[in-house]
Amino acid sequence: MGERIRILLPEDEVDRRISEIGRQISEAYNGKHVHLICVLKGGVCFTCELAKRITVPVSFDFMAVSSYGSGTESTGQVKIKKDLDEPLEGKDVLLVEDIIDSGNTLSSLLELLWMRKPASLKICTLLDKPSRRVRDVKVDYVGFSIPDEFVVGYGLDYDQKYRNLPYIGVVEFDD
Ligand code: IMP
Ligand code: MG
């Protein structure tokens, strides 16, 4: 079965929005050091592009979690596949996500991260699908709210493909 990608958010629009968020974060964290946590693999492109636009000191750490059960709906539990290298205690942590869908992954991840006693913990996501939310989570920075469609690009994949696309697209299938 063939697939095509329909562009939803072109590269220049995504880049412009990331610059805006980078400015907001730089102002909000003025005088502080931001500890970015990139959620692998989907968050990797957004984390890099965002970090390049933050003007206060930044450090990075990486984490990989599995959110999905057997189907395409995420389960309530997250399993840590790769844990952070460094402790969070006393740090101003900004969790960087690719997309928030049901909110299940994020809410269990937050519980886990708060136990490590960061000074603050905020959330930044490139994309948000608010219509799909089942868990109430407060997201501090949102790139774009999008409709309930399966998107790829900028780190997001379909079957591990399309993560490298410099724009956000919707996967369409040929009949
Ligand atoms: P949640 O637990 O339902 O919020 O799931 C969030 C995770 O599901 C994201 O971090 C993605 O890995 C994946 N996901 C949700 N929607 C999409 C999509 O449209 N495209 C690609 N991955 C998605
Ligand atoms: Mg993710």
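Atoms within a ligand are numbered from 1 in the order they appear, just like the ligands themselves. Side chains included, hydrogens not; waters and symmetry mates left out as well; all remaining heavy atoms used.
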Enquirer: Can you confirm, on distance only, whether ligand 1 has an N/O atom lying under 3.5 Å from any N/O atom belonging to Val152?
Expert: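 In fact, backbone or side chain, Val152 has no N or O that close.
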Enquirer: Is the shortest side-chain heavy-atom distance between Arg53 and Ile18 below 4.5 Å?
Expert: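 When only atoms from C-beta onward are counted, Ile18 and Arg53 do touch, with a gap below 4.5 Å.
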Enquirer: When you measure from the heavy atoms of Gly103 to every atom of ligand 1, does any distance fall below 4.0 Å?
Expert: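 Judged by the 4.0 Å heavy-atom criterion, Gly103 does count as contacting ligand 1.
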Enquirer: Between the side chains of Arg4 and Glu172, is the shortest nitrogen-to-carboxylate-oxygen separation below 4.0 Å, so that they form an ion pair?
Expert: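 Answer for the salt bridge query: yes.
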Enquirer: What atoms of ligand 1 come closer than 4.0 angstrom to any heavy atom of Asp157?
Expert: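 In order of numbering, the contacting atoms are 21 (C).
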Enquirer: Side chain, backbone, both or neither: which applies to Glu149 and ligand 1 if a contact is any heavy-atom pair less than 4.0 Å apart?
Expert: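 Near ligand 1, Glu149 shows its backbone, while the atoms from C-beta on stay back.
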Enquirer: Does a salt bridge link Arg23 with Glu20, judged by any charged N lying under 4.0 Å from a carboxylate O?
Expert: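 Judged by the 4.0 Å cut-off on N to carboxylate O distance, Arg23 and Glu20 do not form a salt bridge.
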Enquirer: Going by the atom numbers of ligand 1, which of them fall below 4.0 Å from some non-hydrogen atom of Asp98?
Expert: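 Listed by number with element: 9 (C), 10 (O), 11 (C), 12 (O).
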Enquirer: Going by the order shown, which atoms of ligand 1 are within less than 4.0 Å of some heavy atom of Asp101?
Expert: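 Heavy-atom distances to Asp101 below 4.0 Å select 1 (P), 3 (O), 4 (O), 5 (O), 15 (C), 16 (N).
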Enquirer: Going by heavy atoms in the side chains, are Leu110 and Leu95 under 4.5 Å from each other?
Expert: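 Yes, close enough: below the 4.5 Å cut-off.
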Enquirer: For Arg132, is the nearest heavy atom under 4.0 Å from an atom of ligand 1?
Expert: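 False for this residue.
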Enquirer: Between Glu49 and Lys52, does any NZ, NE, NH1 or NH2 come within less than 4.0 Å of an OD or OE carboxylate oxygen?
Expert: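 Salt bridge: yes.
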Enquirer: For ligand 1, does Thr105 get within less than 4.0 Å through its side chain, its backbone, both, or neither, judged by non-hydrogen atoms?
Expert: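 It is both backbone and side chain that touch ligand 1.
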Enquirer: What atoms in ligand 1 come closer than 4.0 Å to a heavy atom of Lys129?
Expert: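 Listed by number with element, the hits are 16 (N), 17 (C), 18 (C), 19 (O).
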Enquirer: Between Asp83 and Arg116, is there a salt bridge with N-O shorter than 4.0 Å?
Expert: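 Salt bridge between Arg116 and Asp83, a charged N being under 4.0 Å from a carboxylate O: yes.
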Enquirer: Considering only heavy atoms from C-beta outward, does the side chain of Ile21 approach that of Leu126 to under 4.5 Å?
Expert: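 When only atoms from C-beta onward are counted, Leu126 and Ile21 do not touch, as no gap falls below 4.5 Å.
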Enquirer: Below 4.0 angstrom from a heavy atom of Glu97, which ligand 1 atoms are there? Numbered from 1 as shown, please.
Expert: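 Under 4.0 Å from Glu97, ligand 1 has these atoms: 10 (O).
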